[in-house]
Amino acid sequence: MNTKDDCIFCKIVASEIPSVKVYEDSVVLAFMDIGPISDGHTLVIPKEHVEKLDQCRPELMAQVGQAVVKVANAVSKAIPSDGYNVLCNNGISAGQLVDHMHFHIIPRNTDDGVFNRWPAYEYPQGKAQKLAEKIKEYL
Ligand code: AMP
Ligand code: ZN
């Protein structure tokens, strides 16, 4: 399996450092975030070292996705909450501090103050279409 020596999540997978596990199969591990932003904040990771979502093999992502659904279902039933965020930060500018792809499952309640909506703006006329054309060149 693809691992990286200095990766803290690879070390968790290898049980070289402790974690509070909630789900494990041959491909995926889910464990409690050590610095939760709400009670029940859980991380779902592939056991294999993958840095970012765009570097993840689709077949592996499918298995991670199944585990995200399973764990989100359990977390939302177990933790008193009226919603949850699923977040995957990619790259330092997007807030990724651990370079091993992971999905945060963060229980939420109305007015919990965890974080608010992002600062949305409007595209000027034609810009969305232009950007979409650029993106489509890489699909
Ligand atoms: P991100 O900023 O998206 O890379 O998130 C990394 C997350 O990993 C943070 O929420 C950390 O609290 C969490 N984290 C870092 N080290 C550990 C650890 N040893 N066990 C559990 N969670 C961790
Ligand atoms: Zn890793």
Side-chain angles (χ1 to χ4, degrees):
M1 192 188 298
N2 184 19
T3 59
K4 202 168 168 238
D5 285 347
D6 61 349
C7 173
I8 195 158
F9 286 177
C10 283
K11 288 195 167 91
I12 285 177
V13 170
S15 298
E16 287 168 15
I17 61 169
S19 67
V20 181
K21 295 178 184 171
V22 298
Y23 174 75
E24 182 169 18
D25 61 32
S26 59
V27 177
V28 176
L29 177 66
F31 53 98
M32 304 304 282
D33 195 298
I34 206 169
I37 59 172
S38 70
D39 280 1
H41 183 167
T42 305
L43 300 174
V44 180
I45 66 169
K47 288 187 168 178
E48 182 178 328
H49 183 84
V50 175
E51 280 191 22
K52 294 190 179 70
L53 181 65
D54 60 281
Q55 295 162 358
C56 188
R57 287 179 287 108
E59 308 76 43
L60 178 58
M61 187 53 219
Q63 288 172 289
V64 174
Q66 285 185 8
V68 169
V69 172
K70 199 180 185 82
V71 175
N73 184 38
V75 168
S76 63
K77 285 188 173 133
I79 307 294
S81 55
D82 53 30
Y84 57 90
N85 291 103
V86 175
L87 279 181
C88 177
N89 299 325
N90 292 274
I92 192 91
S93 62
Q96 185 178 17
L97 299 178
V98 178
D99 284 337
H100 180 132
M101 184 184 82
H102 50 279
F103 288 82
H104 297 259
I105 297 171
I106 304 165
R108 297 297 306 272
N109 282 292
T110 307
D111 298 328
D112 59 13
V114 170
F115 50 77
N116 293 318
R117 287 199 62 78
W118 50 74
Y121 59 86
E122 277 181 32
Y123 283 126
Q125 184 73 26
K127 187 166 179 186
Q129 289 75 6
K130 254 192 197 150
L131 294 176
E133 285 310 317
K134 240 180 164 171
I135 293 166
K136 287 195 292 196
E137 284 173 24
Y138 294 92
L139 288 173

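Indexing begins at 1, ligand by ligand and atom by atom, following the structure's order.
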### Message
Any nitrogen or oxygen of L97, side chain or backbone, less than 3.5 Å from one on ligand 1?
### Response
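It does: an N or O of L97 is found under 3.5 Å from an N or O of ligand 1.
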### Query
Short N/O distance, under 3.5 Å, between I17 and ligand 1?
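No, since none of the N or O atoms of I17 sits under 3.5 Å from an N or O of ligand 1.
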### Any I12 heavy atom less than 4.0 Å from ligand 1
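Yes, I12 has heavy atoms under 4.0 Å from ligand 1.
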### Query
Quick one: does G95 get a heavy atom under 4.0 Å from ligand 1?
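Flag set, G95 near ligand 1.
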#### Entry: atom 17 (C) of ligand 1 [closest protein heavy-atom partner, distance rounded to 0.1 Å]
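Checking every protein heavy atom, the shortest distance to atom 17 (C) of ligand 1 gives I34 CG2, 3.5 Å.
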### Task
Around atom 8 (O) of ligand 1, find the nearest protein heavy atom and jot down its residue, atom name and distance.
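Protein heavy atom with the smallest distance to atom 8 (O) of ligand 1: F9 CZ, 3.5 Å.
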### Option of least heavy-atom distance to atom 3 (O) of ligand 1 (set: M32, Q96, H102, M101)
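Checking each option, the heavy atom nearest atom 3 (O) of ligand 1 is found in H102.
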### Task
Kindly assign one of parallel, tilted or perpendicular to the pair H104 and H41, based on the angle between their ring planes and the thresholds 30° and 60°.
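Ring orientation, 0 to 90° scale: tilted.
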### Message
Could you check whether any side-chain heavy atom of L131 comes within less than 4.5 Å of a side-chain heavy atom of Y123, counting everything from C-beta outward?
### Response
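Yes - at least one pair of side-chain heavy atoms lies under 4.5 Å apart.
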### Message
What I'd like to find out is whether the side chain of P46 reaches to under 4.5 Å of the side chain of H100, using heavy atoms alone.
### Response
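Yes - at least one pair of side-chain heavy atoms lies under 4.5 Å apart.
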### Query
What N/O/S atom of H49 is the closest to the Zn ion (ligand 2)?
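Nearest N/O/S atom: ND1.
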### Message
Which heavy atom of V64 sits nearest to which heavy atom of V28, and what is that distance?
### Response
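Shortest heavy-atom separation between V64 and V28 comes out as CA-CG2, 4.0 Å.
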### Message
Under 4.0 Å from a heavy atom of F31: which atoms of ligand 1 are those, numbered in the order shown and with their elements?
### Response
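Counting from 1, the qualifying ligand atoms are 21 (C), 22 (N).
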### Message
Check for me, please, whether V86 and V71 land in the same ILVMFWY cluster - side-chain distances under 4.5 Å, paths through other members count.
### Response
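Same cluster.
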### Task
Look only at the side chain of N89 and the backbone of L87, and say whether a donor-acceptor pair between them is shorter than 3.5 Å.
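Side chain of N89 to backbone of L87: no pair is present.
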